[in-house]
Amino acid sequence: MVIVKGASRPDDPSAGADHEPVSPIRFGLDPGSGVPTYLQLVQQVEHALRLGYLKPGDQLPKVRDAVASLAINPNTVLKAYRELENKGLAAGRPGQGTFIRATLSQVALPELAGLRKSLLVWLDAADAAGLDEDGVVALFTSALRDFYKRRADQAVHGRAASDDNETEGVA
């Protein structure tokens with residue numbers, strides 16, 4: 001778990017009155033992404049859950065802290081937290097804050113580390129081939145879409161889809 005220096009978990013008995021719990025996650029925004037601000041916050045929490053950076057019991061940043069660090073309206077943070085609550089991922093505790101109550105982690109951390117290392121090798125190869133960030137995203141998105149389409153076709157037809165068309169879906 002990534003915890004800000006000096007932070008304590010909400011359930012940490014060593015946290016005294018002078019130590020307020022600090023969230024293990026800090027939000028950032030990409031104003032050029034076209035994704036609404038509240039959804040960016042939701043996606044960041046979901047990604048942190050999938051990667052195991054957040055676990056049940058962890059506190060999300062307090063609304064006032066997120067507002068101060070991101071210079072956004074408090075209602076935007078509240079909307080994101082409500083969305084997380086509606087998804088069953090978080091729960092508010094009056095006077096204390098919002099806490100993670102479920103996880104999305106599907107793969108153990110050692111496997112994630114290996115996959116990340118392989119992906120970094122692939123990204124080096126894509127960079128060497130001359131792809132910029134948008135090109136990498138387009139190629140990866142295309143391959144991901146084709147992967148899940150083949151997987152769905154296999155499930156429907158009960159047979160392996162043809163693997164001989166490696167460039168399927170590449171624009």
Side-chain angles (χ1 to χ4, degrees), residues 1-5 7 21-93 97-109 111-152 166-171:
M1 173 187 302
V2 179
I3 296 182
V4 178
K5 186 175 181 176
V22 178
S23 178
I25 183 174
R26 287 193 181 168
F27 294 126
L29 295 177
D30 180 2
S33 73
V35 176
T37 302
Y38 86 97
L39 281 180
Q40 288 186 49
L41 302 180
V42 169
Q43 289 171 351
Q44 288 173 48
V45 171
E46 289 174 339
H47 290 171
L49 285 167
R50 282 190 177 90
L51 295 174
Y53 296 140
L54 284 175
K55 295 175 178 52
D58 285 341
Q59 184 174 11
L60 293 176
K62 292 190 182 244
V63 172
R64 70 174 180 262
D65 295 338
V67 166
S69 68
L70 300 172
I72 59 175
N73 189 302
N75 290 329
T76 303
V77 181
L78 291 169
K79 185 174 183 179
Y81 287 4
R82 268 193 313 275
E83 178 73 17
L84 292 165
E85 288 179 10
N86 290 338
K87 291 181 173 200
L89 299 174
R93 296 183 195 159
T98 303
F99 295 83
I100 297 299
R101 60 182 283 206
T103 186
L104 295 174
S105 185
Q106 299 171 355
V107 180
L109 287 178
E111 287 82 4
L112 282 176
L115 289 170
R116 187 176 199 290
K117 185 176 179 181
S118 297
L119 186 55
L120 289 172
V121 169
W122 182 86
L123 288 169
D124 283 338
D127 183 58
L131 287 176
D132 62 3
E133 184 176 349
D134 291 336
V136 167
V137 169
L139 180 58
F140 182 82
T141 302
S142 172
L144 184 65
R145 182 184 59 238
D146 291 346
F147 171 80
Y148 282 109
K149 183 180 183 321
R150 276 195 309 272
R151 200 163 119 181
E166 295 276 332
T167 59
E168 177 183 345
V170 174

_Any side-chain heavy-atom pair of Phe27 and Asp65 under 4.5 Å_ =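 They are not in side-chain contact.
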*asked:* Is there a side-chain contact between Thr103 and Leu54 in this structure, where contact means two heavy atoms from C-beta onward sitting under 4.5 Å apart?
replied: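 Of all side-chain heavy-atom pairs linking Leu54 with Thr103, none is under 4.5 Å.
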*For the pair Leu84 and Thr98, evaluate side chain to side chain contact (heavy atoms under 4.5 Å, CB included) and give the outcome as yes or no after the intermediate values.*
CA-CA 10 Å; Leu84 292 165; Thr98 303; over 6 Å; no
So, for [X] and [Y], which heavy atoms are closest and what is the spacing to 0.1 Å?
X	Y	answer
Leu49	Ala102	CD2-O, 3.4 Å
Val35	Gln40	O-NE2, 2.9 Å
Arg26	Gln44	O-OE1, 4.1 Å
Ile25	Pro61	O-CG, 3.3 Å
Gly97	Gln59	CA-NE2, 3.8 Å
Ala80	Val42	O-CG2, 3.6 Å

*Could you point out which residue of Val67, Ile72, Asn73 forms a side-chain contact (heavy atoms from CB on, under 4.5 Å) with Leu70?*
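Single side-chain contact (heavy atoms from CB on, under 4.5 Å) partner of Leu70 among Val67, Ile72, Asn73: Ile72.
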*Of Leu78, Val77, Thr76, which meets side-chain contact (heavy atoms from CB on, under 4.5 Å) against Tyr38?*
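Only one option passes, and that is Thr76.
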When rounded to the nearest 0.5 angstrom, what is the spacing between [atom1] in [X] and [atom2] in [Y]?
X	Y	atom1	atom2	result
Asp127	Trp122	CG	CH2	10.5 Å
Phe140	Leu123	CZ	CG	9.0 Å
Leu104	Leu89	CG	CG	5.0 Å
Lys79	Asn86	NZ	CG	11.5 Å
Asp124	Leu119	CG	CG	10.0 Å
Thr141	Asp134	OG1	CG	10.5 Å

*Is there a donor-acceptor pair under 3.5 Å between the side chain of Glu83 and the backbone N or O of Leu39?*
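It does not hold such a pair.
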